[in-house]
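Both ligands and their constituent atoms are indexed starting at 1 by order of listing.
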Amino acid sequence: MDAGLKRELEAKVYAGERLTREDGVALYDSDDLTWLGRLAHHKRTELNGDRVMFNVNRHLNLTNVCSASCAYCSFQRKPGEKDAYTMRIDEAVRKAKEMEDEQLTELHIVNGLHPTLPWRYYPKVLRELKAALPTVKLKCFTATEVQWFEKISGLSADEILDELMDAGLESLTGGGAEIFDWEVRQHIVDHACHWEDWSRIHALAHRKGMKTPATMLYGHIEEPRHRVDHVLRLRELQDETGGFAVFIPLRYQHDFVDSADGKIRNRIQARTTMASPAESLKTFAVSRLLFDNVPHVKNFWVMHGLSVAQLSLNFGVDDLDGSVVEYKITHDADSYGTPNTMHRDDLLHLIWDAGFQPVERDTRYNVVREYDKAPSLAERRAEPQQVWA
Ligand code: SF4
């Protein structure tokens, strides 16, 4: 990038001016990570100071049986496959109860599009989970699942969300977004929920008072311009509804064979590499700068590893996904030694060690507890620090 354009972009960011599509592409063109980080850190600090939010949650996948076969997905199984499973409602409740001692505040539930499970199963699970764990907030279902419920129930998304909210639903999850541009989407997504339905369902949830997350799956066959387009669509919707609480760039992962039948289900990995840590940090930074009206940017550390999670706090990220005891959709695909369990204390030390103040939040980003600011560097260095994977 030439020095003139660099100065121009820098001036826009410091003046709080909205960046354009061309600006977004130009930022992705830059390999000056330190510069990108500085700009993103300015924006992040303006919005969130030196706070890093996290919550203590548990991820549950009620079933991995799915009618679709998305090209990047290592999670889905077809009915009758060796490790296909569907939880009974009491099983789901038992698994959720196992985390009670962790002062869990949220359950995050996403699932395959099961071909024969009746619609009634889903509100019933929520009701029973809520009865068993009344203080726990239920963040459940992607827009893709809600559109699937429309298909299997004959109800509208409006009626479905009303019933799910009545059963205890606090928020949708942000998945199913992947990359909205059809040029890419047609090659990776096999279900029927695209931008029109995804945005319709989230806008509806926002009108009903929900705060929802939005995701982007990057690092596969898309180009930077597709990432920019993805964020700009979300930014425009956010201008209308104000209902997105957080943006979560998710790194596409290869499928490392760990399924019972040894099959690799990810059909695009032969022609893709995974995004490097530098590419991920750039994606966090550009997302923070472009998506100027979303309050938070999250790093779901299970996908990135803890070292990148720490670094990303200087690249626009101010939210880390909390204690994850069980998460299958992406972790099936990880062979880099990233733990799939973090507890509150581990996370606090990870945040302090990076020089930030941990703040525990709930599903709607209300503060549950503010922790001390980071101890001074001298104090931190006086004790041996943990080295994160
Ligand atoms: S990404 Fe979701 S909808 Fe697509 S195959 Fe996997 S589980 Fe099914």
Counting heavy atoms not belonging to K208, are there more than 12 under 6.0 Å from its NZ?
yes
Carboxylate-amine/guanidinium contact K130 E170, below 4.0 Å:
no
Is any N, O or S atom of H191 under 2.8 Å away from atom 4 (Fe) of ligand 1?
no
Between C73 and ligand 1, which residue portion shows a heavy-atom distance shorter than 4.0 Å: side chain, backbone, both, or neither?
side chain
Salt bridge or not for R127 and D166, using N-O below 4.0 Å?
yes
So if I count the atoms of ligand 1 from 1 in the order they appear, which ones are less than 4.0 Å from some heavy atom of C66?
3 (S), 5 (S), 7 (S), 8 (Fe)
Between D229 and R225, does at least one N-O distance fall below 4.0 Å, as a salt bridge requires?
no
